[in-house]
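Remarks on the structure that follows.
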Amino acid sequence: MGGTVGIIALYVVIIGAFYLIAIRPQKKQEKEHQALVSSVGVGDSILTTSGFYGVVIDMTDEVVIVEFGSNKNCRIPMKKEAIVEVEKAEA
C-alpha cells in the first residue's frame, strides 16, 4: 500500500516537471507570436519564416498580401502565421 502511494506521487512529480519544462514555455511563446501577428498592419515591414523581407500591402483575417523586392510586381498572399518579425511603418 505504501509503495503504491509512492509510485503515484512519483508520477505526479514527473508530470508536473514535464509541464513546467515543456508545455508552459511553449504556450507562452504561442501567445507572444499571436500578439505579434495581431499587431501587423498595412505598410509594416515583415520577416517571414522562409527569411524573406517584405511590406504588407493588404490584409484579411488569415491572409496578408506581401510585396517583396523593389520591382513592385512580386506580390504574394501568405498566411499570417508565417510572420516572424514586424517593423511598424512610421507615420
Qualifying residue for side-chain contact (heavy atoms from CB on, under 4.5 Å) with Val66, from Thr48, Ile46, Ile76 =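 Testing Val66 for a side-chain contact (heavy atoms from CB on, under 4.5 Å) against Thr48, Ile46, Ile76 leaves exactly one candidate, Ile46.
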About how many Å separate CD of Glu85 and CD1 of Ile83, when rounded to the nearest 0.5 Å?
->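 If we round to the nearest 0.5 Å, Ile83:CD1 and Glu85:CD are 11.5 Å apart.
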Got a salt bridge between Glu62 and Lys79, using NZ or NE/NH1/NH2 to carboxylate O under 4.0 Å?
->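 Judged by the 4.0 Å cut-off on N to carboxylate O distance, Glu62 and Lys79 do form a salt bridge.
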Same cluster or not: are Val55 and Val42 linked, directly or through other Ile, Leu, Val, Met, Phe, Trp or Tyr residues, by side-chain heavy atoms under 4.5 angstrom apart?
->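 The answer is no; the residues belong to distinct hydrophobic clusters.
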So with a 6.0 Å cut-off around [atom1] of [X], is the heavy-atom count from everything else above 12?
X: Glu81; atom1: CD; result: yes
X: Gln29; atom1: CD; result: no
X: Lys88; atom1: NZ; result: yes

So which heavy atom on [X] is nearest to which on [Y], and how close?
X: Val64; Y: Met59; value: CG1-CG, 3.9 Å
X: Glu67; Y: Ile57; value: CB-CG2, 3.9 Å
X: Val84; Y: Leu36; value: O-CD2, 3.2 Å

Would you say Lys28 and Arg24 make side-chain contact, with heavy atoms under 4.5 Å?
->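 A side-chain contact under 4.5 Å is absent here.
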Is the shortest heavy-atom distance from the side chain of Val56 to the side chain of Ile65 under 4.5 Å?
->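 When only atoms from C-beta onward are counted, Ile65 and Val56 do not touch, as no gap falls below 4.5 Å.
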Does any pair with a residue in residues 13-64 pass ring-ring contact (aromatic ring centres under 6.0 Å, His included), and if so which ones, sequence neighbours excluded?
->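 Every pair satisfying ring-ring contact (aromatic ring centres under 6.0 Å, His included) with a residue in residues 13-64: Phe52-Phe68.
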